[in-house]
Amino acid sequence: MTEINAANAGTLSLGDQTFNRLGYGAMQLPGKGVWGPSADPQNAVAVLRRAAELGVNFIDTADAYGPFTANLLIKEAFAPYNGNYQNLTISTKVGFTRQGPNEWTVVGRPAYLRQEVELNLRSLGLETLDLVFLHRIDPKVPLGDQVGELAKMQKEGKIKHIGLSQVSVAQIEEAGQYAKIEAVQNLYNVTNRKDEAVLNYCEAHHILFVPWFPLATGALAKPGSVLDNLAKKHQASPAQIALAWLLKRSPVMLPIPGTANQDHLAQNVAATNIALTDEDVQAINALQ
Ligand SMILES: NC(=O)c1ccc[n+]([C@@H]2O[C@H](COP(=O)([O-])OP(=O)(O)OC[C@H]3O[C@@H](n4cnc5c(N)ncnc54)[C@H](OP(=O)(O)O)[C@@H]3O)[C@@H](O)[C@H]2O)c1
């Protein structure tokens with residue numbers, strides 16, 4: 001039987017940190033609407049540890065997930081980040097506040113971003129954050145003030161690498177005047193490829209591209225569809241085919257599927273074993 005391990009996806013690096021090219025997103029761990037405590041904290045910790053057992057060593061979170069619920073679960077699962085957990089790369093995000101279930105407000109004032117970096121360090125139990133994404137650009141604050149504050153904290157040793165989320169090519173280029181942008185996290189999946197230009201830019205500039213909502217298949221997966229037929233051909237689910245397609249789409253692609261379910265987790269990691277042919281990929285590319 002083929003081993004289920006995220007290492008089958010190959011690796012990517014940020015500075016001296018190397019990680020497997022299939023990660024895990026922790027947004028599904030807090031309560032409904034990404035608000036409040038997990039419905040089953042013990043299970044949430046078990047899912048995180050199982051992810052590490054399956055070779056997942058890139059974990060994406062944000063202090064806004066809960067707020068703090070996802071970070072505290074990660075700390076409970078992995079701190080003090082030694083032994084089997086010493087090679088984890090954890091990305092987090094700043095610049096979003098929460099007021100209730102499914103409510104998000106952008107706040108990009110430098111003092112707030114600094115507080116969030118400090119609170120991410122504390123809630124994750126880390127001394128340095130591997131990768132910090134600006135969750136959204138706050139249109140009310142100059143971009144240089146937002147990215148500049150992250151760059152200051154990078155110089156102070158609080159942050160190793162800086163990324164942006166939900167941005168255009170022009171915004172990546174503008175932000176690049178204030179800091180080295182090493183990762184971009186945008187909505188991208190088989191049903192939504194609006195950010196092809198951003199992905200192509202990232203590939204050309206060796207920037208990691210982290211597609212969020214990677215499993216979305218929507219109507220493209222209905223019985224008899226191309227995705228459904230490919231799923232049958234590869235003895236997989238349409239969601240697994242969507243992940244396999246993302247992995248094949250670009251070498252800078254780093255999907256972070258999220259789940260609070262151990263079976264789903266194993267299925268997502270097993271997608272790294274699916275070898276889509278060029279013909280399969282062309283058939284998916286033609287869908288829109
Ligand atoms: N930068 C941003 O603005 C932004 C926005 C959204 C998300 N994100 C990040 O991206 C990560 C992934 O995005 P996402 O959570 O929105 O989308 P996703 O990973 O594509 O999908 C998650 C959903 O799919 C279900 N699921 C997971 N694996 C499954 C499987 N094998 N079979 C069937 N259902 C499955 C999950 O429910 P179960 O728990 O029941 O499995 C959950 O409802 C998040 O965790 C977060 O870290 C970032």
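We count ligands from 1, going down the list as the structure has it; atoms in each ligand are counted the same way.
- Under 4.0 Å from ligand 1, the heavy atoms of N268 that appear belong solely to its side chain.
- A donor-acceptor contact shorter than 3.5 Å is absent between the side chain of D195 and the backbone of V198.
- With contacts defined as side-chain heavy-atom distances shorter than 4.5 Å, the pair N186/V167 qualifies.
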Extract all donor-acceptor atom pairs below 3.5 Å that involve side chains of residues 173-181 and protein atoms in other chains or at least two apart in sequence.
| from | atom 1 | to | atom 2 | distance (Å) |
| --- | --- | --- | --- | --- |
| E173 | OE2 | Y201 | OH | 3.4 |

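- At a threshold of 4.5 Å between non-hydrogen side-chain atoms, the residues D228 and P223 count as touching.
- At a distance under 4.0 Å, no protein heavy atom can be found next to atom 37 (O) of ligand 1.
- No side-chain donor from either of W35 and E103 sits under 3.5 Å from a side-chain acceptor of the other.
- Put simply, no part of Q240 is less than 4.0 Å from ligand 1, judged by heavy atoms.
- Checking only distances, I256 never comes within under 3.5 Å of ligand 1, N or O to N or O.
- Checking W245 against N285 by side-chain atom types alone, a donor-acceptor pair falls below 3.5 Å.
- Of all the atoms in ligand 1, the ones that sit under 4.0 Å from a non-hydrogen atom of P257 are 19 (O).
- Backbone and side-chain nitrogen or oxygen atoms of M27 are examined, and one is located within less than 3.5 angstrom of a nitrogen or oxygen of ligand 1.
- Heavy-atom proximity to atom 3 (O) of ligand 1, evaluated over R136, Q185, H264, is greatest for R136.
- The shortest separation from a heavy atom of Q166 to ligand 1 is not under 4.0 Å, leaving the residue out of contact.
- Taking the six-membered ring where tryptophan is involved, the planes of H135 and W104 are perpendicular, since the angle between them exceeds 60° and thus also 30°.
- In terms of protein heavy-atom proximity, atom 24 (O) of ligand 1 is closest to L215 CD1, 4.0 Å.
- Applying the 4.0 Å criterion to heavy atoms of A26 picks out, from ligand 1, the atoms 45 (O), 47 (O).
- Of all atoms in ligand 1, numbered sequentially from 1 with element shown, those under 4.0 Å from a heavy atom of A260 are 39 (O).
- Residue F133 does not touch ligand 1, judged by heavy-atom distances below 4.0 Å.
- Counting only non-hydrogen atoms, the option in P214, A242, P255 that gets closest to atom 18 (P) of ligand 1 is P214.
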Practice task
Evaluate the criterion side chain to side chain donor-acceptor pair (under 3.5 Å) for residue pair T89 and D130; output intermediate values, then yes/no.
Solution key: CA-CA 6 Å; T89 296; D130 296 321; 4.6 Å; no
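- Every atom of ligand 1 is numbered from 1 in the order shown, and the set under 4.0 Å from a heavy atom of Q267 is 30 (C), 31 (N), 32 (N).
- Checked against R21 for a side chain to side chain contact (heavy atoms under 4.5 Å, CB included), the options T11, L247, T272 give a single hit: L247.
- Not a single heavy atom of Y24 sits under 4.0 Å from any atom of ligand 1.
- Considering backbone and side-chain N/O of A216, none are found under 3.5 Å from N/O of ligand 1.
- One side chain, N8 or N273, offers a donor N or O that lies under 3.5 Å from an acceptor on the other.
- The closest protein non-hydrogen atom to atom 25 (C) of ligand 1 is G258 O, 4.3 Å.
- For ligand 1, none of its N or O atoms has an N or O atom of T61 under 3.5 Å away.
- Residue, atom and distance of the protein heavy atom nearest to atom 6 (C) of ligand 1 are W212 CE3, 3.2 Å.
- In this structure, the side chain of T69 engages the main chain of G36 through a donor-acceptor pair within 3.5 Å.
- Of the possible donor and acceptor atoms, one in the side chain of Q240 sits under 3.5 Å from a partner among the backbone N and O of Q267.
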